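Here the structure comes first, spelled out in C-alpha cells, and everything after it is commentary.
Remember, predicted model here, so these are calculated numbers, not experimental data. Order of appearance sets the numbers: ligands from 1, and atoms from 1 within every ligand.
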Amino acid sequence: MIIRPRRLRRTASIREMVRETTISVKDLISPLFVKYGKGRKDPILSMPGQYQFSVDTIVSEAEELHALGIPAVMLFGLPEKKDATGSCSYADDGVVQEAVLAIKSRLPAMVVMTDVCLCEYTDHGHCGIIMDGQVDNDATLDVLARQAISHAKAGADFVAPSDMMDGRVAAIREALDSNQFKDTGILSYAVKYASAFYGPFREAADSAPQFGDRAGYQMDYANVKEAIKEAVLDMEEGADMIMVKPALSYLDVITRVREECLLPLAAYNVSGEYAMVKAADERGWIDGTMVMIESLTSIKRAGADLILTYFAKEAARVLCDK
Ligand code: PBG
C-alpha cells in the first residue's frame, strides 16, 4: 500500500479545508509616512505604491485603509527641521502628533500606532543623542519618553519604540503612567537587527546615519539567543506587544521568540523586502502578487500574529476578492 498525502491536495476545496495557516486583513498594519506641508502625496521611488503624505492627505489614505478592513496604521514622521537632539520629535504640533489627532478624530476605531525614535529628527541620523561620538543610551531615554508622551497626548493607541536603547520600554511605561496615559500601549521593536534591508526606508524617511552605522545598538543578525533575551527583557519592562524585524530572513527568530513569549507578536516585513518584490515584478521576473501572499503567509506560519507591511493595502484588496 502507498500512503497518499496527495489526496489532501486533489482539489482547491480540499486544500482550503486542510490549510494550516491563513492570513486575514485583520492581521495587517500599514506603515505610513507623514511630512509637513499641505496636499502632498509624494511618491517614494524605491518603494512603488508608497508615498510621503501631509497631514490632510494621510487622513484620506487612512480612510481607504479602514474601508478595506485594515485595523491599524504605524506612523513615521519627516519633520521640517532636524537638530542634534531631535527636538521636533516631541513638539505638540509636530507632523506625527497632528496626523494622530487628525486620523483619530476622523476614524476613532482605527488603531493608531506611532514609531518612537530619533533618527528621523536628528541632523546626524542616529537613533539617539550623541556624546563623545557615541549614541548615549541614558540621555536618549529622556527624549524618547517625551516623544512617547506627546504621541499619547495626541491620541495614539500604541507607541512603538524602534531605537533599541536599553531600558526604554520601562522608561516609556513609567513616563506614560505618571502622565495619566496608563491606557496607552507599547509595541516594542524588541528584536531589531542591524539590517541592510532598511535601505529604501532610510530614503523614504530621510534617516540614514551621517557617520558610522547602527551596529552599536541594533542587533547582530547572526544571533538568536540574544533575540530571546531582548524579548524577555521587554516583556518584563512592560511591553504589551513585541516585534521582530526584519521578517523574511528572520523566520526562525520569529518562531523562537513565539515559543518564549506570551504577548502578541508582530513582524515587520521591511522596506527592502518590499522593494525587491516590486523590482522583480516590474521586470516580469516574478508574479509580485503571488510572492506577496506567499511571503505574508510564511511570516504567519513562522508564528507572527500581526504583520507590518507596505503590502497591507494591496494584500487587503486580494484577500477581499477571495
Ligand atoms: C527607525 C526605523 C527604521 C525602520 C523602522 N524604524 C530604520 C532603521 O532602523 O534604520 C525600518 C523600516 C523599514 O525598512 O521598512 N526609526
Side-chain angles (χ1 to χ4, degrees), residues 28-35 44-52 73-79 82 86 88-90 94-96 113-129 135 140 143-144 147-148 151 156 158-165 168 172 186-221 230 242-250 266-279 292 295-296 299 304 306-313:
L28 305 176
I29 301 171
S30 180
L32 293 176
F33 298 96
V34 58
K35 61 160 39 164
I44 299 165
L45 297 182
S46 54
M47 298 167 72
Q50 303 301 308
Y51 302 88
Q52 295 170 338
V73 291
M74 171 72 76
L75 302 183
F76 295 93
L78 288 93
K82 297 178 190 255
C88 277
S89 70
Y90 50 82
V95 278
V96 167
M113 302 175 157
T114 54
D115 186 77
V116 170
C117 194
L118 294 187
C119 63
E120 298 121 76
Y121 302 92
T122 50
D123 48 18
H124 47 73
H126 275 289
C127 303
I129 305 293
V135 172
T140 303
V143 190
L144 293 172
Q147 194 182 347
H151 292 175
F158 288 87
V159 292
S162 68
D163 50 283
M164 289 301 279
M165 297 304 123
R168 90 272 211 214
I172 290 173
I186 300 177
L187 162 57
S188 173
Y189 289 67
V191 180
K192 179 174 178 182
Y193 289 92
S195 170
F197 285 98
Y198 306 150
F201 174 95
R202 292 181 185 168
E203 178 211 319
D206 185 21
S207 66
Q210 300 303 304
F211 65 90
D213 57 29
R214 304 213 202 285
Y217 40 105
Q218 299 181 347
M219 288 172 53
D220 180 343
Y221 52 72
E230 286 283 4
I242 59 171
M243 190 201 294
V244 170
K245 175 185 175 192
L248 290 173
S249 291
Y250 299 84
Y268 201 141
N269 178 213
V270 299
S271 58
E273 297 171 335
Y274 177 82
M276 289 193 304
V277 175
K278 286 290 172 193
M292 164 181 79
S295 309
L296 296 175
I299 296 168
L306 299 166
I307 307 174
L308 287 104
T309 179
Y310 304 98
F311 284 119
K313 194 180 191 179

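Scanning the protein heavy atoms around atom 14 (O) of ligand 1, the nearest turns out to be S271 OG, 2.7 Å. The shortest contact between atom 15 (O) of ligand 1 and any protein heavy atom is with Y310 OH, 2.6 Å. Of the protein's non-hydrogen atoms, the one nearest atom 11 (C) of ligand 1 is K245 NZ, 3.0 Å. Nearest protein neighbour of atom 2 (C) of ligand 1, counting heavy atoms only, is K192 NZ, 3.2 Å. Residue, atom and distance of the protein heavy atom nearest to atom 12 (C) of ligand 1 are F201 CD1, 3.3 Å.
Of all atoms in ligand 1, listed by their number and element, those nearer than 4.0 Å to a heavy atom of R202 are 8 (C), 10 (O). Below 4.0 Å from some heavy atom of C117 lie the following atoms of ligand 1, by number and element: 1 (C), 16 (N). Near E120, meaning under 4.0 Å from any of its heavy atoms, are these atoms of ligand 1: 16 (N). For ligand 1 and Q218, the ligand atoms under 4.0 Å from any heavy atom of the residue are 8 (C), 9 (O). Close approach of ligand 1 to Y268 is summarised as follows: ligand atoms under 4.0 Å from at least one heavy atom of the residue are 12 (C), 15 (O).
Annotation for V135 and G128: closest pair CG1-CA, 3.8 Å, computed over non-hydrogen atoms. Between H151 and T114, the shortest heavy-atom distance links the atoms ND1-OG1, 2.8 Å. Nearest approach of F158 to I186, heavy atoms of both residues: CD2-N, 3.8 Å.
When non-hydrogen atoms are compared, ligand 1 lies under 4.0 Å from the side chain of D115 (C-beta onward) but not from its backbone. With a heavy-atom cut-off of 4.0 Å, C119 touches ligand 1 through its side chain alone. Contacts between Y274 and ligand 1, counted as non-hydrogen atom pairs separated by less than 4.0 Å, are absent for every part of the residue.
In terms of N/O distances under 3.5 Å, ligand 1 is approached by R214.
Between Y274 and Q50, the side chains place a donor N or O and an acceptor N or O closer than 3.5 Å (distance only, hydrogens not considered).
Of the residues C127, P209, S89, the one that meets the side chain to side chain contact (heavy atoms under 4.5 Å, CB included) test with C119 is C127.
When side chains are defined from C-beta on, E273 does not count as touching V277, because their heavy atoms never get closer than 4.5 Å.
With a 6.0 Å cutoff to the six-membered ring centre and a 45° limit on the axis angle, K192 counts as a cation-pi contact of Y198.
When ring centroids are compared, Y193 and Y268 stay outside the 6.0 Å threshold.
When atom types are taken as modelled, the side chain of Q147 and the backbone of C117 share a donor-acceptor pair closer than 3.5 angstrom.
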